[in-house]
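Numbers restart at 1 for each chain; the letters A, B, ... are given by sequence-line order, proteins then strands.
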There are 2 protein chains.
Amino acid sequence: MLTVLPTDGTITATAECAASSIAEIQKEEQERKQRNERLLKFAKTFGSIPGVEVGDTWSSRAECPVHRVPMQGIHGSKDDGCYSIAISNLYKYDSDFGETVIYTGSGGFEHYDPKSGKRRRTGPQVRDQQWSDFGNMSLYVSRETGNPVRVIRSWKTVSKYAPAFGYRYDGLYTVKDAWKEQTENGFKICRYRLEVSKASRLVSCPMKARIFL
Amino acid sequence: MLTVLPTDGTITATAECAASSIAEIQKEEQERKQRNERLLKFAKTFGSIPGVEVGDTWSSRAECPVHRVPMQGIHGSKDDGCYSIAISNLYKYDSDFGETVIYTGSGGFEHYDPKSGKRRRTGPQVRDQQWSDFGNMSLYVSRETGNPVRVIRSWKTVSKYAPAFGYRYDGLYTVKDAWKEQTENGFKICRYRLEVSKASRLVSCPMKARIFL
DNA sequence: GTGGGCAGCAGAT
DNA sequence: ATCTGCCGCCCAC
C-alpha cells in the first residue's frame, strides 16, 4: 500500500506519500543542505571549534570536526592560510617535541609506482617541494598572519606525544617559522616550526593532550 | 604553570596534571576505544542501524553511519557477505530503477594513467572483474544467504532516484541475482540485481527516499 | 566545470 | 605487520 511496485522503473506516489509530504521532504533536504554549508564555513575558520575541547579524541579522521579533509595533512587555502594540520607518520622529517613541532610540507614524493602503476603508501622524493603547493603556501601565509592552526595528532605519530588511540585535538599552534631545506637525497622540502599558542595552553589542562600515557 | 616547557622534548607534569587525572585520562581513552569497537561491530552487521531511518541524509560519506568505508562502493567480507553498498556515478553499467537496482562489481578498471603516473577519476576497463575480489564475492555470498544489504544513494547518481544533496539511506535491499557479463569492450564485469526488501518497505514511508524531488 | 593530489580505511594475506 | 584497492573530498585554475 505504500507504493505501486513499478514494472517500468516509474515510481507512483500513493496516498501516504502525497504532495504535502513531498514538500516537507524537500524542505528537510534544503535545511540539511544549509546546515551543512554553515558547518563547512566553520571548518574554514581559524581557532577553536565551538564544543570541542583540547584532548577530545575520535576514532577516525572522518569523525573529527577539527580537521575536515579526508586524507590530506594540511587544510588551508593559499590566500587565507592554514586552518588545521594532522600530525601522523608519513613524513620522516617531522619532529615532535610536544609543545613544539617541526612539520613537513606536502608534495614531491612519488606515491605512484611507475612500474606497477599502483599507488604506494609512501615513496621516494622525486621533486623539490614548492611554496606554490597550496598546502605549503597556506602554512607560509599563516606564518605571516599569525593565525592559530588547529592541530590533531594521529595514533600513528612516532613520538611519545601520540595518543594511544584515534585522533586527538591538541589545541592551537602558531607557525613561528617556515623555511626550505635540502634533504640528504638532494631535494628540497618545506619545513615549519609550530609552537603551541598561549591561548590554547590557558584553556583547561592542555597537558592532558600531550602527556604520554 | 601548566607545564614546564621542555628544552629536550621531555614533558614534566605539574601539580594540576597529577597522577590521578592521568589515570582518568587513560580511563576515558579506554572507554572511547571500547565504544568505537562497539560501533564498528554495528557497521559489520546486516540490516538497519538503530536510530537511522530510511530517507536520512548526510552531507558526506564520512558522516554516514550506514556505509562505513571511506571510498569503496561495497562494504563486506568475502566470508560473511555484503553489509552495504553506495550507488554513485562511477560505473556506467549501473542501472537504477528505484526499487530495483542493477549494480556493478568492482575492479578491472584502470584508475592510474601509465603515461602520467596519475590517478584518474575513471578509466578504461583493462581486466575482467573477478568473483575473487572480496567486494564482488561479498555480494555473491549475500545472494546465497539472502541477508539484507543497506543501500545509500549519492547525489552524483545519474538517475531520477538520486537525492538532490548528499548521501541518503534508501533502506534494505536483497541481492536477487549475480552474474558475469561481457561488456562491449570484451572484458567481463560482475553484475547484481538488487530489490528493495519488503521489510524495508514496511518501515516508515520508504517512498520518501525514492521519489524524485 | 574540470582536474590533481592526497599524513585514510577496511579487508585480505 | 604489510599490502592493495577504492562509487571522496578539497582547493586551484
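One atom, CG of A:D80, and another, P of D:dC10, lie 16 Å apart when rounded to the nearest Å. One interatomic measurement links the two molecules: OH of B:Y93 to P of D:dC7, which rounds to 15 Å at whole-angstrom precision. Atom pair B:R127:CZ and D:dT4:P shows a separation of 13 Å (rounding to whole Å applied). Computed from coordinates, the A:F134 CZ to D:dC10 P distance equals 11 Å when rounded to whole Å. Going from atom CZ of A:R150 over to atom C1' of C:dA7 covers 17 Å, rounded to whole Å. Atom OH in A:Y83 sits about 18 Å away from atom P in C:dA7, given to the nearest Å. In this entry the distance linking CG of B:N136 with P of D:dC7 reads 10 Å, nearest Å. Atom CD1 in B:I102 sits about 17 Å away from atom C1' in D:dC7, given to the nearest Å.
For the pair B:S106 and B:W155, both in contact range of DNA chain D, the more 5′-proximal nearest nucleotide belongs to B:S106. Both A:Q72 and A:S59 lie close to DNA chain C; mapped to their nearest nucleotides by heavy-atom distance, the more 5′-ward contact belongs to A:Q72.
Both key distances under 3.5 Å define a Watson-Crick or G-U pair, and stretches of 3 or more such consecutive pairs in DNA chain C run C:1-6 with D:8-13, C:8-13 with D:1-6.
Within 4.0 Å of A:I74, counting heavy atoms only, lies no atom of the nucleic acid at all. As judged by a 4.0 angstrom heavy-atom cut-off over every strand, B:L40 is placed among residues touching the sugar-phosphate backbone only. Residue contacts for A:Y103: at a heavy-atom cut-off of 4.0 Å it reaches a base atom on one of the strands shown. Within the nucleic acid shown, B:G76 comes within 4.0 Å of sugar-phosphate atoms alone, with no base atom in reach, counting heavy atoms only. Contacts of B:K92 with the nucleic acid, taken as non-hydrogen atoms under 4.0 Å apart, are absent. Heavy atoms of B:S154 sit nowhere under 4.0 angstrom from any nucleic acid atom. Among the protein residues, B:D133 comes within range of no part of the nucleic acid, since none of its heavy atoms lies under 4.0 Å from any strand.
Considering only side-chain N and O atoms, A:Y91 lies nowhere under 4.0 angstrom from the phosphate OP1 or OP2 of C:dC6. The phosphate of D:dC10 has neither OP1 nor OP2 within less than 4.0 Å of any side-chain N or O from A:K44. A sub-4.0 Å separation between OP1 or OP2 of D:dC10 and a side-chain N or O of A:H75 is absent.
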Item to check | Worked check of side chain to side chain donor-acceptor pair (under 3.5 Å) between A:T183 and A:N185 | outcome: CA-CA 5 Å; A:T183 62; A:N185 57 37; 2.5 Å; yes
Item to check | CA sep, side-chain torsions, deciding dist, call: B:T104, B:D94, side chain to side chain donor-acceptor pair (under 3.5 Å) | outcome: CA-CA 6 Å; B:T104 310; B:D94 289 350; 2.7 Å; yes
Item to check | B:S142 and B:N147: CA distance, side-chain angles, deciding distance, side chain to side chain donor-acceptor pair (under 3.5 Å) verdict | outcome: CA-CA 6 Å; B:S142 286; B:N147 279 332; 5.9 Å; no
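Nearest nucleotide to the A:S88 side chain, out of D:dC11, C:dA7, C:dG11: C:dA7. For B:Y167, the listed nucleotide lying nearest its side chain is D:dG8; candidates were C:dG8, D:dG8, C:dG11. Taking every side-chain heavy atom of B:M71 into account, D:dG8 is the closest of D:dG8, D:dA12, C:dA10. Taking only side-chain atoms of A:K78, from C-beta outward, the nucleotide of C:dG8, C:dA12, D:dC13 with the closest atom is D:dC13.
In this structure, A:H75 and A:Y83 have perpendicular ring planes: the angle between them is above 60°, well past the 30° mark.
Residues A:I87 and A:S154 are not in side-chain contact: their nearest non-hydrogen atoms beyond the backbone lie 4.5 Å or more apart. You'll find the side chain of B:R143 stays beyond 4.5 Å of the side chain of B:T174, heavy atoms only. In this structure, B:V196 and B:L172 have side chains that are not in contact, with every pair of non-hydrogen atoms separated by 4.5 Å or more.
Nearest approach of B:R68 to B:A43, heavy atoms of both residues: CD-CB, 3.4 Å.
When the side-chain hydrogen bond (donor to acceptor under 3.5 Å, both in side chains) test is applied to A:R191, the partners found at least two apart in sequence or on another chain are A:E181.
Within a heavy-atom distance below 4.0 Å of DNA chain C, the residues of residues 60-70 of chain B found are B:R68, B:V69, B:P70.
Ring centroids of A:W131 and A:Y140 are separated by less than 6.0 Å, placing the two rings close together. Taking the ring centroids of B:Y93 and B:Y103, they lie at or beyond the 6.0 Å cut-off.
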